[in-house]
Amino acid sequence: MGRGQPFHTGNLAAVLAAARGKGAAPPILAFDVETTGTHLYTGAKIFAYALATKRCLTYVGKPSKKVFKRLIKDYVLVMHNAKFDLAAVERFLGKHIAESIRFHDTRAQSHIVDNRHKTHGLAALCWSLCQWPTELDKKVNSFARHGDYSVVPKDLMDEYQRHDVARTMFLHRLFWPRIQSSKYKKAYERELAVIVPTMRMEEKGIMVRRKATKRLIDSLHKDVIKATEELRAIAGRPVNVNSPGDVASLLYDEIGLPILQRTEISGQPSTGKHVLLELRDKYAHPAVERVLEIRSKLKGIVQLEKYLELSAADGFIHPSINPIGATTGREACSNPNLQNVARTDTARAPYPIPARKCFRPRPGHIFLFIDYAGIELRLITHYAKDKRMKHLIMTADPHAFAAEIFYKPSKRSADPQIRKGYVRAGRPKRLRDSAKNAVYAICYGGGAKTVAETLGITVEEAAKAKAEFVKLFPGIGRISREVAETVWHQGRVETAFGRPIRLSGEESYKALNALIQGTAADIIKMAQVNLHKYLQKATGGEVFQILPIHDEIVFEVPRKRLKDLPDILKGIEQCMVDMPNLSVPLEIDIEYSTTSWEDKKPWDM
DNA sequence: GACCTCAGCGCG
DNA sequence: AAAGCGCGCTGAGGTC
C-alpha cells in the first residue's frame with residue numbers, strides 16, 4: 001500500500017451517510033462479522049462487526065439488532081463468503097432474514113472471474129491481486145486458534161477488521177464492474193441464488209444415531225484388535241498399517257512380495273488398495289488381507305468418532321457446505337464431509353464400513369433421496385451431439401450395452417464369465433459397473449491401460465474394446481479432443497448455462513471433465529433454488545432439502561405429509577428436470593428410507 | 001508446537 | 001509424452 005493505511009476511520013453515522021451514492025442507486029457497504037468460533041450451529045457467536053464504504057471509510061462496532069435491521073433493510077451488503085455472515089446475523093437476531101436481503105459475495109465473484117485460485121480466501125486473493133500485506137493476518141491468526149477471534153487483543157482486532165472489510169470492498173470494486181458488463185452476470189447471479197438454500201440445509205443438519213454409532217465403533221474396535229494380533233503373529237513384529245513405509249518393509253523386504261507399482265511423487269513402493277488387492281489375488285498372503293482390513297476399519301473408527309463429536313451438542317451434524325468448493329463449480333462439504341460417506345451397496349472397499357447407518361431422519365420424518373440418472377453421460381451426449389448415444393440413453397441402459405461390447409465372449413479372456421459369454425444385458429452387475437467406469441474413462445480421454453484396469457482385461461483387448469465403442473459412438477469419441485482444442489485456443493470452456501471455467505493449456509486434456517462437472521453443478525444448483533421456492537410454497541417448508549451430493553439431493557419429509565407425497569414428487573421432479581438449453585432429457589431416480597441412510601428403498605411413482 | 005507434503009481412501 | 005476428473009480427511013514423517 002505504501003502510504004499508510006488503506007482505509008479511513010469513521011463513526012457509524014458518518015459511514016452510513018457516506019454509503020449513500022448519487023441518484024437512486026441503493027447505498028452499498030462492505031460487511032464482515034467476527035465470531036467466537038467457526039461452528040455457528042454449536043455455539044459460535046458474533047462479538048463484533050465491521051463496515052466499509054466504497055471509499056474505504058470504515059467502522060468497527062459491537063453487534064446491534066437495531067443497526068443490523070437497518071443495514072438489512074436499506075443497504076446492499078458486500079460480503080466475502082456471505083453464507084457465513086448471513087447465518088451469524090440470523091443467529092444473533094433469532095430469525096430468518098436472508099431471503100429478503102440484497103447482497104453481493106466477493107468469493108463467488110472471484111470464482112466467476114477466475115476459478116483457478118487454489119483458495120479464494122480474502123487475504124490470499126488480495127495478496128495475489130495487489131500484494132495487500134498479510135502480516136496482520138498472521139499476527140491475528142496466531143492468537144485466534146481454532147477460529148475464536150474474541151481472544152485477540154482489541155486494538156489488534158480492530159485494525160484487522162478494518163483491513164478485512166476494506167479488502168472486501170476492494171474486491172467488489174475490482175470484480176463487480178467486470179462481471180456486471182459481461183456475459184457471465186447470469187452465472188454469478190445463480191451463485192448468489194444458491195447461497196440461501198444452502199444456508200437452510202446447514203441449519204437443518206442431519207440427525208446422528210448416536211447409540212448405533214457407538215455400537216458400530218465398538219464392533220469395529222473388536223475386529224481391529226483381533227486382526228492386529230493376527231498381523232503381528234504373521235509378521236513376527238508390530239506393524240503400523242497407517243505407515244506406508246512400515247507396510248512396504250513388511251510386504252516387499254520381509255515377506256518378499258513383488259513391487260507392482262511405485263508412488264507417483266516420491267517413487268516409493270506403493271501399498272495402495274489396488275496394489276494390495278492384486279497381491280491378494282495373486283499370492284493370497286494373509287498379511288495383505290489383514291493390512292486391508294485393519295486400515296479400513298481403523299479409518300472407519302476415526303470417521304465415526306468424528307460424527308459423535310460433531311453431533312454432541314444437539315444430536316445433529318451441521319456440515320459446512322461450500323457452494324463453490326471446486327474449480328469446476330461443484331459444491332463441496334466439510335466438517336464433516338458428508339459427500340463421501342462410505343456405502344455398502346456399491347462399495348469400493350474390500351472391507352466396507354456401513355457408515356451410512358449412523359444417520360437417520362429426524363423424529364416424525366423419512367428420508368427421500370433423489371438423484372439424476374446418468375447425468376454425466378447425458379451431458380457428454382448433449383455436447384457431443386451423438387445421436388446413437390442419445391437414442392440408447394432414452395430407450396435402454398447404455399452401461400449394460402457397453403458391458404456387452406466390452407465383454408464379448410473371448411476365448412482368451414482371463415475371466416471365466418466372459419469366456420463363457422455370460423454377459424447379457426449388463427449381467428452380472430459387477431461387469432456393468434466396470435463397464436460404466438470404462439465408459440467414463442473413454443469419454444474423458446483415458447488410455448487403453450486405464451480402460452484395461454477398469455475392465456480387468458488385457459491392454460490389447462481394451463484397445464479393441466475402446467475402438468469398437470468409439471466407432472459406434474463417433475460423437476463421444478471426438479468430444480474430449482474438441483473441448484480440449486477450445487481450451488487450448490481460448491483458455492476456457494463455457495457450460496450450456498454460461499459458466500466460464502478457465503484451464504491452462506497444459507490442463508486442456510481435463511477440459512471435457514471440467515465442462516461436464518461444471519454443467520452438472522449448474523443444474524443441481526438451479527434445482528436447489530427451484531426446490532427451495534417450490535417446497536416453501538407447496539409445503540410451507542415442511543418438506544426440505546438437507547444435503548446436495550453432486551448429482552443427488554437428500555430431503556426429509558414429515559410422515560404426516562406422506563399422503564401428499566405423490567403430488568409433491570411431481571413438483572420436485574419439475575424443479576429438477578425442467579432445465580433449458582439441453583438437447584438430452586434429464587431423469588431422476590427416487591429412493592426413500594424410514595430408518596437410516598443405509599437402508600434405501602426404491603420409490604415407485 | 002505449527003506447518004508442510006505425501007500417501008492413501010471415501011464419495012460423485 | 002501421456003494423462004479420466006473433482007473434492008475432504010487422516011496419519012506419517014519431515015522442517016522450522
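Chain letters run A, B, ... following the sequence lines, proteins first and then strands; every chain starts at 1.
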Side chains of [X] and [Y]: is there a donor and an acceptor less than 3.5 Å apart?
{"X": "Q109(A)", "Y": "Y188(A)", "result": "yes"}
{"X": "N141(A)", "Y": "Y149(A)", "result": "yes"}
{"X": "S249(A)", "Y": "R237(A)", "result": "no"}

Side chain to side chain contact (heavy atoms under 4.5 Å, CB included) partner of M576(A), chosen from N530(A), D371(A), I524(A), L531(A):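 That would be L531(A).
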Matching residue for L379(A) among D522(A), L515(A), I523(A), T495(A) - test: side chain to side chain contact (heavy atoms under 4.5 Å, CB included):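 Output: one option passes, namely I523(A).
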Closest-nucleotide 5' rank along DNA chain C - winner of A326(A) and K449(A):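 Upstream on the strand: K449(A).
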Closest-nucleotide 5' rank along DNA chain C - winner of S334(A) and T328(A):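 Its nucleotide being nearer the 5' end, the pick is T328(A).
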Pairwise side chain to side chain donor-acceptor pair (under 3.5 Å) hits with a residue in residues 272-282 of chain A, at least two apart: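 Side chain to side chain donor-acceptor pair (under 3.5 Å) check on residues 272-282 of chain A returns E278(A)-K282(A), R280(A)-E289(A).
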Partner set under salt bridge (Lys or Arg N to Asp or Glu O under 4.0 Å) for R478(A), not counting sequence neighbours: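 Result, salt bridge (Lys or Arg N to Asp or Glu O under 4.0 Å) vs R478(A): E482(A).
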Is the shortest distance from a Lys or Arg side-chain nitrogen in [X] or [Y] to a carboxylate oxygen in the other one below 4.0 Å?
{"X": "D114(A)", "Y": "R502(A)", "result": "no"}
{"X": "K390(A)", "Y": "D386(A)", "result": "no"}
{"X": "E191(A)", "Y": "R499(A)", "result": "yes"}

Angle class for the [X]/[Y] ring planes (parallel below 30°, perpendicular above 60°, tilted otherwise)?
{"X": "W597(A)", "Y": "F369(A)", "result": "parallel"}
{"X": "H399(A)", "Y": "Y440(A)", "result": "tilted"}
{"X": "F401(A)", "Y": "F473(A)", "result": "perpendicular"}

Contact list for DNA chain C against residues 483-501 of chain A - heavy-atom distance below 4.0 Å: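 Heavy-atom contacts with DNA chain C come from no residue of residues 483-501 of chain A; none.
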Bounds of contact between DNA chain C and chain A, in 5' to 3' order, using a heavy-atom cut-off under 4.0 Å: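 Extent of the interface on DNA chain C: dA3(C) to dG13(C).
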Pick base, sugar-phosphate or nothing for [X], based on heavy-atom distances below 4.0 Å to the nucleic acid.
{"X": "N240(A)", "value": "sugar-phosphate"}
{"X": "N335(A)", "value": "sugar-phosphate"}
{"X": "Y440(A)", "value": "nothing"}
{"X": "G445(A)", "value": "nothing"}
{"X": "C333(A)", "value": "sugar-phosphate"}

Consecutive Watson-Crick or G-U pairs in runs of at least 3, all under 3.5 Å, in which DNA chain C is involved: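 DNA chain C stems, ordered by first number: B:1-12 with C:5-16.
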Where protein sits on nucleotides 7-12 of chain B, one letter per nucleotide: B base, S sugar-phosphate only, - none, heavy atoms under 4.0 Å: SSBBBB
